[in-house]
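A short write-up of the structure that comes next.
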Amino acid sequence: MGHIQRNIILGLFVLLPIWLTLYFAYIIFILLAKFTYPLLSGLAIYDNKFVMYPICFILSLIIMYGIGLLTKVWLGEKLLSFIDESIKNVPIIGSFYKSLKQLADTFNSKEKGEQKVVLINFPSEEMKTIGFIIKTMRDSKTNQVLASVFVPTTPNPTSGYLEIVPIEKTTPLDWTFEEAMSFIISGGSSMPNKSLSLS
C-alpha cells in the first residue's frame, strides 16, 4: 500500500501542472470562442460546437489582431478613443471600466519607471512579498511619497491585495513583469537567475 500511495502522489504532482495549464488554456479558448459565437449564428453549422468553437476562436484572434493594428493608425486611434470615452460616460459601468482600463494600461506600459517590481513588508514587518507599484502619490499633510502596490496571490495572480506603502519602504527588484509573475504563479519555484536582496 505504501508503494501504491507514493506512486499515486508522484503521479499527481507530475500531472497537476499539466492539468492546470490545459485547464487555463481551455478557459481562454472558450472565452475567446464565445466572444464571436453570436456573430456566426446564421451559419448552417451553428449548432455543431466542435466545429464552431475553433472557427470562433480563430475569428476572435483575427479581431484582436485587427484592433491592435487600428491603435497604430490615426483613424483607428480616434475611433477607439471615442468608444473608450463613450463607455466611461455610462453610469456605474463607466467607473468599473475606467478602473480596469487604468490597471491594464499600467501593466501594458513599456515606459521605464511606470511599473516596477518591488519587495514590501507584508503581511508583517518580519515577512517580505513581491508586489507591483501601480502608481505613486503624495500625502497631502506630510508631503511623503506613497506607492500603491498590488500584491498578487499564489497561484492565482488575478486576485490579491492593494497596499499603500511609503516609497522608502519598498525594495526595487531587477525583475521583469514576466519573471515576477512566473515566480508568483509557480509558488516561488521558478526564480529568475538574478540577485535578490531582502534589505
Side-chain angles (χ1 to χ4, degrees), residues 20-21 23-41 52-53 56-120 122-123 129-141 144-167 169-170 175-185:
L20 290 176
T21 302
Y23 182 69
F24 179 74
Y26 170 76
I27 292 175
I28 297 299
F29 173 80
I30 295 299
L31 287 176
L32 289 178
K34 287 186 175 180
F35 176 66
T36 54
Y37 202 94
L39 300 178
L40 304 179
S41 58
M52 285 293 294
Y53 271 34
C56 292
F57 175 76
I58 295 173
L59 180 59
S60 296
L61 292 180
I62 293 173
I63 290 175
M64 287 189 294
Y65 175 76
I67 292 175
L69 289 179
L70 275 177
T71 61
K72 297 180 180 180
V73 299
W74 180 83
L75 182 60
E77 185 179 347
K78 292 297 182 183
L79 178 61
L80 293 174
S81 177
F82 171 76
I83 295 174
D84 182 66
E85 291 300 322
S86 299
I87 297 176
K88 286 179 181 179
N89 291 327
V90 177
I92 302 177
I93 295 177
S95 299
F96 181 71
Y97 170 78
K98 185 178 180 181
S99 301
L100 291 178
K101 184 73 164 50
Q102 288 176 341
L103 183 62
D105 288 344
T106 299
F107 282 106
N108 194 42
S109 174
K110 299 299 182 183
E111 293 185 25
K112 185 177 180 181
E114 286 199 2
Q115 174 265 314
K116 297 178 182 178
V117 181
V118 295
L119 284 174
I120 64 169
F122 181 83
T129 192
I130 289 179
F132 303 96
I133 292 182
I134 304 300
K135 192 174 183 179
T136 57
M137 64 203 86
R138 287 190 178 272
D139 188 305
S140 59
K141 293 183 179 180
Q144 182 184 32
V145 179
L146 305 173
S148 59
V149 182
F150 175 64
V151 179
T153 54
T154 300
N156 177 19
T158 58
S159 64
Y161 305 91
L162 179 62
E163 305 293 323
I164 307 298
V165 185
I167 194 69
K169 293 283 187 178
T170 65
W175 291 12
T176 65
F177 173 77
E178 290 76 14
E179 289 172 338
M181 290 300 290
S182 178
F183 180 79
I184 293 167
I185 293 172

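As the structure is a computational prediction, the values presented were derived from the model and not from experiment. Position 1 is the first residue of the sequence, and the numbers go up from there.
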State the [atom1]-[atom2] distance between [X] and [Y], to the nearest 0.5 angstrom.
{"X": "Thr170", "Y": "Glu163", "atom1": "OG1", "atom2": "CD", "answer": "13.0 Å"}
{"X": "Thr154", "Y": "Ile185", "atom1": "OG1", "atom2": "CD1", "answer": "8.5 Å"}
{"X": "Ile63", "Y": "Ile58", "atom1": "CD1", "atom2": "CD1", "answer": "12.5 Å"}
{"X": "Ser60", "Y": "Ile28", "atom1": "OG", "atom2": "CD1", "answer": "11.5 Å"}
{"X": "Ile164", "Y": "Lys169", "atom1": "CD1", "atom2": "NZ", "answer": "15.5 Å"}
{"X": "Phe82", "Y": "Ile87", "atom1": "CZ", "atom2": "CD1", "answer": "10.5 Å"}

Where do [X] and [Y] come nearest, in terms of heavy atoms and distance?
{"X": "Asp139", "Y": "Lys141", "answer": "OD1-N, 2.8 Å"}
{"X": "Phe150", "Y": "Leu162", "answer": "N-CD1, 4.4 Å"}
{"X": "Thr153", "Y": "Ser159", "answer": "OG1-OG, 2.7 Å"}
{"X": "Leu59", "Y": "Thr36", "answer": "CD2-CB, 3.8 Å"}
{"X": "Ala33", "Y": "Cys56", "answer": "O-CB, 3.2 Å"}

Side chain proximity check, Ile167 to Leu146, heavy atoms < 4.5 angstrom: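 No - every pair of side-chain heavy atoms lies 4.5 Å or more apart.
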How about Phe57 and Phe35: are their ring centres within less than 6.0 Å of each other?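 Here the rings of Phe35 and Phe57 have centres that are no less than 6.0 Å from each other.
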Is the number of heavy atoms from other residues, nucleotides or ligands within 6.0 Å of CD1 (Ile83) greater than 12?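 Result for CD1/Ile83: enclosed.
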Tell me whether Tyr97 at atom OH has more than 12 heavy atoms from other residues, nucleotides or ligands lying less than 6.0 Å away.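 Atom OH in Tyr97 is packed in, count exceeds 12.
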Under 30°, 30 to 60°, or over 60°: which ring-plane class applies to Tyr53 and Tyr37, parallel, tilted or perpendicular?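 If you compare the ring of Tyr53 with that of Tyr37, the planes turn out perpendicular.
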Whether Phe132 and Phe177 hold their rings parallel, tilted or perpendicular, with breakpoints at 30° and 60°: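 Phe132 and Phe177: tilted rings.
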Walk me through whether Val117 and Thr176 qualify under side chain to side chain contact (heavy atoms under 4.5 Å, CB included). CA-CA 7 Å; Val117 181; Thr176 65; over 6 Å; no
Which residue pairs pass the salt bridge (charged side-chain N to carboxylate O under 4.0 Å, His left out) test when at least one of the two sits in residues 56-80, sequence neighbours left out?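 Non-adjacent pairs meeting salt bridge (charged side-chain N to carboxylate O under 4.0 Å, His left out): zero.
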